[in-house]
Amino acid sequence: MSNPDFLTPARPAVTLEPGARASVRIAITYCTQCHWLLRAAWMAQELLSTFSTDLGEVALVPGTGGIFQIHCGGALLWDRKRDGGFPDAKTLKQRVRDQIDPGRDLGHVDGKPAAHPQG
């Protein structure tokens, strides 16, 4: 099943100058027939908690037919059918980071131990 044009995010992910307003748009398209709204909302919350003002918008887009896709700008980051299920928070955050700010350190999400002060 192809994705209708109206489900494709219109705005691309961009690199911003310091102090500029974020215009990165994440669109999470979820199947209403499958009752995946809460899953989509949880993933939106995870992204907003991690990337906060680096994101201009996180949209929840209702769909049907078992769809669960996550777009960042024009890039398809996750497709339930293609990728075999749903992403965990770590994988999703890494894919978003790789799209909008590849040099960004996600700390424990990247598997790096937390720095402990010497004392």
Exercise. Do L55 and I100 pass the side chain to side chain contact (heavy atoms under 4.5 Å, CB included) test, and can you show the C-alpha distance, the side-chain angles, and the key distance before you say yes or no?
Worked result: CA-CA 9 Å; L55 300 177; I100 68 172; 4.0 Å; yes
Quick test of your reading of the model: are R104 and D54 salt-bridged, counting only N-O distances below 4.0 Å?
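Yes.
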Measure across [X] and [Y] and return the closest heavy-atom pair with its distance rounded to 0.1 Å.
X: C31; Y: G65; result: SG-N, 3.8 Å
X: G107; Y: D105; result: N-OD1, 2.8 Å
X: G66; Y: C34; result: CA-SG, 3.9 Å
X: G85; Y: W78; result: O-NE1, 2.8 Å

If you measure from CG on L92 to CZ on R97, what distance do you get to the nearest 0.5 Å?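 So the CG of L92 and the CZ of R97 are separated by 12.0 Å.
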**Prompt:** When rounded to the nearest 0.5 angstrom, what is the spacing between CG in L76 and CZ in R95?
**Reply:**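 Taking CG in L76 and CZ in R95, the distance rounds to 9.0 Å.
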| said: Is the shortest side-chain heavy-atom distance between Y30 and I67 below 4.5 Å? | reply: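 Result no, sub-4.5 Å side-chain heavy-atom pair not found.
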Given the rule in the side chain to side chain contact (heavy atoms under 4.5 Å, CB included) test, do I28 and F68 qualify, once you have shown the distances and angles that lead to the verdict?
CA-CA 7 Å; I28 302 173; F68 195 91; 3.9 Å; yes
Count I, L, V, M, F, W, Y as connected when their side-chain heavy atoms are under 4.5 Å apart, and connections chain through other members. Are L37 and I26 then in the same cluster?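 Yes; tracing contacts between hydrophobic side chains, which count when under 4.5 Å, links both residues.
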Review item, side-chain donor-acceptor pairs of residues 39-48, under 3.5 Å, at least two apart:
unit_1	atom_1	unit_2	atom_2	d
Q45	NE2	S49	OG	3.0
E46	OE1	K93	NZ	2.9

Using modelled atom types only, decide if a donor and an acceptor are shared between the side chain of [X] and the backbone of [Y] within a distance under 3.5 Å.
X: R80; Y: Q69; answer: no
X: D83; Y: D79; answer: yes
X: T32; Y: G63; answer: yes
X: Q99; Y: L77; answer: no

| With sequence neighbours excluded, residues passing ring pair (Phe, Tyr, Trp, His ring centres under 6.0 Å) with F51 |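 F51: no ring pair (Phe, Tyr, Trp, His ring centres under 6.0 Å) contacts found.
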(message) Could you check, using the six-membered ring where one of them is a Trp, whether W36 and F86 have ring centers closer than 6.0 angstrom?
(response)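 That pair passes the under 6.0 Å test.
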